[in-house]
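The figures here come from the full heavy-atom set of this structure, side chains too, leaving out hydrogens, waters and symmetry mates.
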Amino acid sequence: MPGIGDSPPRPDGFAKVAGTARYVDDITLPGMLHGATVRSPHPHARIVEIRWHPERAPAGAVCVTAADLPGPNGVQLLDDSWPILADGVVRHVGEPVALVAAASPLAARQALAAVEVVYEPLPAVLDMNAAIAAGSLSALHEIGMDCGDLEAGLAAAHLVVEGEWRTGHQEHIYLECQGMSAWFDEEGLTALGSMQCPYYVHKALVHAFDLPAGQVRVRASAVGGGFGGKEDFPSALAIHAALLAGASGHPVKMIYGRQEDIVGTSKRHPSIVRHRTGVDRDGRLTALDIEILFDGGAYTTLSPVVLSRALLHSFGPYRCANVRIRGRVLRTNTAPNSAFRGFGAPQVEFAMERQMDRVGRALGLDPLEIRLRNVVEAGDRLPTGQILDDTTSARLCLEDAASRTRFRERWLELEQARTDPEADPEARKRGIGLSLYFHGAGFTGNGERRMKSPVTLRLLADGRIEALTAMTDMGQGCAAVFPQIVAAAAGIGAEDLVFAEPDTNAVPDSGPTVASRTTMIVGGLLARAAAELRDQVLGWRYPASPVRAGLSVADGWIAGPDGPVERFRDAARACRAAGGPSEVTLLHEPPEDQVFDESTYRGAAYPTYAWGADVVEVEVDPDTLAVRPLHVTAVCEVGRAIHPTLCAGQIQGGTLQALGWALMEEMKLDNGRYLNDRLATYIIPTVRDTPRIDVHLLERPWKDGPFGAKGVGELPMDGGAPAVAQAIENATGIGVPEIPATPERLLAWRGLRKESPEKP
């Protein structure tokens with residue numbers, strides 16, 4: 001029987017490979033219509049009039065506008081300030097203005113032409129520079145944090161180094177585009193589609209239609225990738241499909257094509273992060289003054305939680321007693337930006353790592369040495385006041401990555417080759433870079449305490465255990481990991497388990513599938529519930545046994561004093577038939593010492609952290625400055641790897657996403673419109689662009705995780721980009737203040753550097 005630390009096949013793997021998995025677009029109901037969206041062509045405009053011409057539309061087509069909404073015009077997330085449909089004004093290109101439905105996808109597109117919208121253009125704020133100029137009027141959200149005495153720390157510094165670091169949009173590019181179906185029947189409203197968070201969609205539908213919770217049902221179909229992009233947007237799309245279903249009296253399906261998906265959905269927040277860093281003569285940090293600016297787009301959506309995590313990771317895995325951090329999300333007339341793998345941490349950790357590189361160069365210290373002098377250890381106190389636990393592994397990851405790659409020797413060799421005209425021409429094209437990073441596992445602050453995240457395990461009539469959670473498998477592998485956890489905790493085989501489909505009519509609200517919480521938080525609950533249900537069955541089956549305390553189960557057998565007694569499934573079947581204990585529901589309770597003040601940002605923001613270090617080697621064309629990554633070494637400490645193959649796959653995939661963000665994923669806009677709104681022009685890494693990625697898992701089991709596991713899904717997004725930027729600097733001498741580091745940008749920066757050596 002596969003156990004913890006083994007890598008059994010994914011139970012959903014064959015269906016996905018064979019094409020038999022049923023995604024939302026594979027599911028059709030009798031009489032189903034197809035929906036489409038009328039979108040704004042303007043970044044900011046007043047809606048003068050919307051005219052629906054049914055005579056121009058296919059027979060049976062319907063149209064819905066904001067005037068037809070049955071409830072409030074807001075998608076309920078953190079609040080409901082994101083409009084379901086534009087009402088009176090549009091604030092970004094692609095904003096939904098009206099919805100149509102017709103008998104086929106082609107007929108729906110034809111119906112779009114029957115909607116006439118008259119606009120009066122208004123002035124628009126199109127980028128962060130304009131939003132900064134607008135001042136406080138442009139702020140969607142603001143937070144801050146202080147630790148120690150910043151001015152004293154700066155005054156005590158031998159050197160104060162300043163830096164400004166920028167990152168751009170990033171499109172999710174999940175394999176399966178957004179899709180949702182909805183219908184009304186005698187039981188109420190049902191939505192079925194591709195999502196990460198069924199209960200988020202449920203909450204949004206209840207709010208928008210003013211329905212009792214029991215009359216709204218949300219079911220997740222197979223999910224073809226999410227990366228955060230299916231955290232918030234499915235709520236809006238479910239409302240759109242349900243509005244059309246209500247107007248037409250038919251089930252309605254809405255499936256986005258790739259171009260519409262890019263135009264209409266959220267991206268990673270572009271950022272500007274400004275640093276003032278004080279260091280003593282030995283290179284140790286005395287002060288960190290950090291300003292974080294994020295482009296939130298037109299509406300708030302999930303920007304506050306993205307900014308919150310950004311603030312809590314902006315100081316990096318480094319010691320500093322005197323810290324001031326200020327963060328703002330700015331409003332621009334572009335599509336809303338929202339959650340994306342790492343949500344907020346990749347932007348600020350890119351800035352912190354680049355700032356450490358700049359400080360090291362100013363002091364004559366190599367990238368490894370400046371980090372070794374400042375890296376946090378177990379028992380150190382973060383700027384929030386949190387004392388790090390004994391699984392803190394930043395130094396372990398850093399030293400292991402450096403040792404495996406001969407980083408220091410290699411970096412010095414390539415530094416010298418860059419300035420030596422007699423050096424090997426191949427060496428002069430190469431560069432190597434290092435990054436150190438960390439990621440808080442689980443929801444920030446008191447989020448887990450508020451959610452409680454119940455899970456339920458129950459005995460079925462045939463003696464199997466059914467597990468009920470709201471978690472969706474969007475490719476990350478919980479469909480494989482959860483059975484391992486429950487089977488190991490109960491001592492039974494995977495064949496004795498059944499996992500319920502995510503359905504709000506059937507499963508408890510165990511929270512969203514986000515924030516690297518699935519295995520650590522929900523998996524931990526499942527392990528506890530499995531052990532408790534097992535013990536209840538054994539206690540019922542053998543109530544008077546003198547060896548009751550020694551009873552255990554292994555490979556599905558109950559072990560008595562003289563050997564195996566019976567299979568657990570037989571005992572469970574008898575227990576269920578006789579009316580014995582048959583169900584366990586547990587609520588998550590964070591560790592008692594995880595206390596966090598969300599007004600001051602003081603305390604333990606996360607129960608624990610995962611840690612990582614990347615070394616990236618690149619080749620830079622000396623003429624075009626095109627960058628080709630050659631090799632990545634990723635060393636990550638994730639507590640305990642329940643399924644090592646899936647764990648390493650998460651790290652490889654997240655690292656490749658980070659390389660794409662660093663080098664090629666440049667979202668170009670003109671007057672608020674995305675210019676590269678299809679895969680022919682929005683370039684992501686393919687197999688030919690992918691370097692060898694060697695993953696090394698370090699295991700330091702965390703006492704409160706299931707079998708010691710921490711979260712891993714978002715961690716690898718944090719390290720790839722700064723390591724690439726440092727490698728480019730090692731090869732070219734160009735400081736890389738912004739990503740993506742495209743050849744065009746590198747050529748421009750090289751020109752600036754020749755004119756003025758202090759430039760990038």
Side-chain angles (χ1 to χ4, degrees), residues 23-25 77 82 92 94 167-180 193-197 200-201 220-237 254-271 294-297 299 301-303 305-306 309 334-347 472-476 512-516 650 652-669 674 676-686 713-718 720-721 739-740:
Y23 297 88
V24 62
D25 200 22
L77 291 166
W82 180 24
H92 67 87
T167 68
H169 287 95
Q170 187 179 22
E171 168 62 34
H172 295 90
I173 305 292
Y174 23 66
L175 281 175
E176 177 206 23
C177 292
Q178 298 279 355
M180 192 69 62
S194 185
M195 66 190 79
Q196 296 178 221
C197 314
Y200 278 17
V201 177
S221 55
V223 182
F227 309 117
K230 292 178 183 171
E231 179 177 355
D232 56 350
F233 199 83
S235 295
L237 192 56
M254 298 189 74
I255 305 294
Y256 285 180
R258 183 64 67 183
Q259 190 266 350
E260 184 175 21
D261 201 289
I262 292 176
V263 166
T265 68
S266 61
K267 311 282 180 285
R268 186 183 299 283
H269 292 74
S271 72
F294 278 0
D295 181 346
Y299 299 110
T301 64
L302 295 173
S303 287
V305 295
V306 175
R309 187 168 290 253
T334 61
N337 299 307
S338 191
F340 196 138
R341 190 179 204 162
F343 56 115
Q347 295 95 314
T472 62
D473 194 315
M474 51 187 165
Q476 83 279 25
T513 312
V514 300
S516 298
Q650 283 287 292
Q652 288 174 328
T655 300
L656 184 60
Q657 248 177 339
L659 298 184
W661 183 48
L663 291 172
M664 60 179 61
E665 296 187 44
E666 181 181 14
M667 183 58 76
K668 298 181 179 181
L669 290 90
Y674 297 128
N676 46 336
D677 57 4
R678 58 208 70 205
L679 285 176
T681 51
Y682 183 83
I683 308 302
I684 63 172
T686 67
E714 287 161 307
L715 174 72
M717 190 71 219
D718 297 337
I739 55 171

With a 4.0 Å cut-off, would you call E714 and R341 a salt bridge?
-> no
Interatomic distance, CG@L237 vs OG1@T265, rounded to 0.5 Å, equals 10.5 Å
Between G229 and P234, which heavy-atom pair has the shortest distance, and what is it?
-> O-CD, 4.1 Å
Close side-chain approach of Y174 and M474, heavy atoms under 4.5 Å = no
Please report the closest heavy-atom contact between G713 and S516, naming both atoms and the distance.
-> N-OG, 3.6 Å
Residues I739, W661; criterion side chain to side chain contact (heavy atoms under 4.5 Å, CB included); working and verdict = CA-CA 7 Å; I739 55 171; W661 183 48; 3.8 Å; yes
Report the relative orientation of the aromatic rings in H169 and Y674; use parallel for angles under 30°, tilted for 30 to 60°, perpendicular for over 60°.
-> perpendicular
Heavy-atom distance under 4.5 Å between the side chains of S338 and E231, does that happen here?
-> no
What class does the angle between the rings of F340 and H172 fall in, given that below 30° is parallel, 30 to 60° is tilted and above 60° is perpendicular?
-> parallel
Rounding to 0.5 Å, atoms CE (M180) and CD1 (I255) come to a distance of 9.0 Å
Is there a donor-acceptor contact under 3.5 Å from the side chain of Y682 to the main chain of E171?
-> yes
Nearest 0.5 Å please: distance from the CG atom of L669 over to the CG atom of N676.
-> 8.0 Å
Taking all non-hydrogen atoms of both residues, which atom of D718 and which atom of G342 are closest, and how far apart?
-> OD1-CA, 4.5 Å
Would a 4.5 Å heavy-atom cut-off, applied to side chains only, mark L679 and I173 as touching?
-> yes
Heavy-atom distance under 4.5 Å between the side chains of Q170 and P346, does that happen here?
-> no
Hey, what do you get for CE (M667) to CD1 (I262), rounding to the nearest 0.5 Å?
-> 5.5 Å
Check the pair T513, K230 against side chain to side chain contact (heavy atoms under 4.5 Å, CB included), reporting the backbone distance first and the verdict last.
-> CA-CA 10 Å; T513 312; K230 292 178 183 171; over 6 Å; no
Beyond-backbone contact of R268 with E665, side-chain heavy atoms, under 4.5 angstrom = no
Y200 side chain near M195 side chain, heavy-atom distance below 4.5 Å | no
Minimum side-chain heavy-atom gap D232-S266 below 4.5 Å = yes
Distance (rounded to the nearest 0.5 Å) between Q476 CD and Q650 CD | 6.5 Å
Backbone N/O of P512 and side chain of Q196: donor-acceptor pair under 3.5 Å | no
Apply the test side chain to side chain contact (heavy atoms under 4.5 Å, CB included) to residues F343 and V514: give CA-CA distance (whole Å), side-chain angles for both, the deciding distance (0.1 Å), then the verdict.
-> CA-CA 10 Å; F343 56 115; V514 300; 5.6 Å; no
Residues Q259 and D677: side-chain donor-acceptor under 3.5 angstrom | yes
Which heavy atom in S194 sits nearest to a heavy atom in A222, and how many Å separate them?
-> OG-O, 4.4 Å
For Q347 and T167, test the side chains for any donor-to-acceptor distance below 3.5 angstrom and give the result as yes or no.
-> no
Heavy-atom closest pair, residues S235 and L77 = OG-CD2, 4.5 Å
Interatomic spacing from CG in L302 to CH2 in W82 - rounded to 0.5 Å | 8.5 Å
Taking it one step at a time, do R678 and R258 satisfy side chain to side chain contact (heavy atoms under 4.5 Å, CB included)?
-> CA-CA 6 Å; R678 58 208 70 205; R258 183 64 67 183; 5.5 Å; no
Donor-acceptor pair, side chain of N337 and main chain of D295, under 3.5 angstrom = yes
What is the minimum heavy-atom distance between E666 and P740, and which atoms define it?
-> CB-CG, 3.5 Å
